[in-house]
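So the structure is just underneath, and the comments pick up after that.
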2 protein chains.
Amino acid sequence: MKKIKVVKKQILQRKGDLHSKSYKVESGLLRSYTIDDKGKEHIFMFGPEGWIVTDYVSPNEPCELYIDAIEDSVIVPIEKTSSQDIDLKKFIKRIRVLQNRVIMLMSASAVDRYEHFISTYPNIIQRAPQHMIASYLGITPEALSTLKSQRLRSKKK
Amino acid sequence: MKKIKVVKKQILQRKGDLHSKSYKVESGLLRSYTIDDKGKEHIFMFGPEGWIVTDYVSPNEPCELYIDAIEDSVIVPIEKTSSQDIDLKKFIKRIRVLQNRVIMLMSASAVDRYEHFISTYPNIIQRAPQHMIASYLGITPEALSTLKSQRLRSKKK
DNA sequence: TAAATTTCTTAATCTACATTAATGTATAAA
DNA sequence: TTTATACATTAATGTAGATTAAGAAATTTA
């Protein structure tokens, strides 16, 4: 149960690595993401303080995701083998986020996904750069930028 | 632990229902899905024999998903409260499917998602109607249809 | 069996978002 | 402070997949 300090941009895990761990975030902000064959990053999840960031693969399988720090952070690495001490309620909560994510990606437009994101994670909007928000939403930074200015224009009467 | 027979099209759970359960599929095929504000269905997961179909909400929260039978099926309803008897390995496997789903939806084209689907769930292709496959892939039935005939044409030399 | 309903295909048109590219603005490094 | 690098905006053009519509197959029901 030792805490570790990591600096911004520090990589904790790469795709293909073995012995993947979970990371409890004490302070700061992590992210997990994939890189597709065209070299494009796709953010899977943000991990602000209080969250646990995991790649959902079995402890002996190679990782699917990259994990790195968006801000200087303090984290606690957790061995996945210690399956005992899993807080099931928290676990289900995190899966629910995933479930919502899939539903969102399938049924909502980019604007709706953005609206949903800012109401669900207002503080992350402030802390992560735009292109990462875009990456999480599944759109390009350019699309997010135009979407935002259209939103602004329509809000002032 | 009693088995229940359900017939094709029988609805097991509606969005908003309380006391959501998990359903172990002994035989047949279930699906879970949402209906968006335009009345469009979006299939979240298929549940063939051996699978457990769940809406990932806490047992006391209202459901997010509809669950019904695509084929006549035999199922075992499981109370969610019995958190003890959860097979963690199977649980993680199912989350992994979800993780892959998100990654796919974010980074792959409709064709690639379809290719991935047929190689991962070859038997479901045969058993579920096309429009449901389309719904799972996040495209329209028309798009899937054209995509399929293009694929066929390009395969014969 | 026929009739009704559901499912699948094909084609024309439309639209949300991607791509490309050029310009502007921060942040970090020298 | 200047220069370089990363990040954000805006606009023009392109494209995957949506929508619409109409007909053909298949499946269900009577």
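As the structure is a prediction and not an experimental result, all values here were calculated from the model. For the numbers below, each heavy atom of this structure counts, side chains included, while hydrogens, waters and symmetry mates do not. Within every chain, numbering begins at 1; the chains are lettered A, B, ... in the order of the sequence lines, protein sequences first and strands thereafter.
- Helix bend of the helix from C/dT1-D/dA30 to C/dA30-D/dT1: the angle between its two end axes, each built from five pairs, comes to 50° after rounding to 10°.
- The nearest whole Å value for the distance from the CD atom in A/E142 to the P atom in C/dT25 is 18 Å.
- The closest side-chain heavy-atom distance from B/M104 to B/F117 is not below 4.5 Å.
- The A/T140 side chain lies nearest to C/dA18 when the options are C/dA18, D/dA8, D/dT9.
- Taking atom NZ on B/K38 and atom P on D/dA18, their separation rounds to 12 Å, with Å as the unit.
- Taking atom CE of B/M132 as the reference point, atom P of C/dT6 lies 12 Å away to the nearest angstrom.
- Between C/dC17, D/dT10, D/dT19, one nucleotide has an atom nearer to the side chain of A/S109 than all others, and that is C/dC17.
- The CD atom of B/E41 sits 13 Å away from the P atom of C/dT6 (whole-angstrom rounding).
- The residue B/K8 sits close only to the backbone: its heavy atoms come under 4.0 Å of sugar-phosphate atoms, none of a base.
- Sparse packing is recorded around CZ of A/R14, with 12 or fewer heavy atoms of other residues, nucleotides or ligands lying under 6.0 Å away.
- A side chain to side chain donor-acceptor pair (under 3.5 Å) with A/D68 holds for exactly one of A/R31, A/K8, A/K9; it is A/R31.
- Ring pair A/F46/A/Y136: centre-to-centre distance below 6.0 Å.
- Side chain of B/P129, nearest nucleotide from C/dT7, C/dC17, C/dT9: C/dT7.
- Taking atom CG of residue B/L144 and atom C1' of nucleotide D/dT19, one finds them 16 Å apart after rounding to whole Å.
- Picking from C/dT10, D/dT9, D/dG17 the nucleotide with the shortest atom distance to the side chain of B/S149 gives C/dT10.
- Atoms CG and CD1, from B/L65 and A/I103 in turn, are 5.0 Å apart once rounded to the nearest 0.5 Å.
- For the pair B/K148 NZ and D/dA25 C1', the computed distance is 13 Å after rounding to whole Å.
- Separating the CE atom in A/M132 from the CG atom in A/L144 is a distance of 13.5 Å, to the nearest 0.5 Å.
- Residue A/H131 contributes atom NE2, which lies 17 Å from atom P of D/dT5 at whole-angstrom precision.
- Within the structure, a side-chain polar atom (N or O) of B/K40 is placed less than 4.0 Å from OP1 or OP2 of D/dT19.
- Distance, A/I133 CD1 to D/dA8 P: 9 Å, rounded to whole Å.
- In this structure the side chain of A/T120 never reaches within 4.5 angstrom of the side chain of A/V97, judged on heavy atoms.
- Applying the 4.0 Å criterion to OP1 and OP2 of C/dT9, one finds that B/Q130 has a side-chain N or O inside that range.
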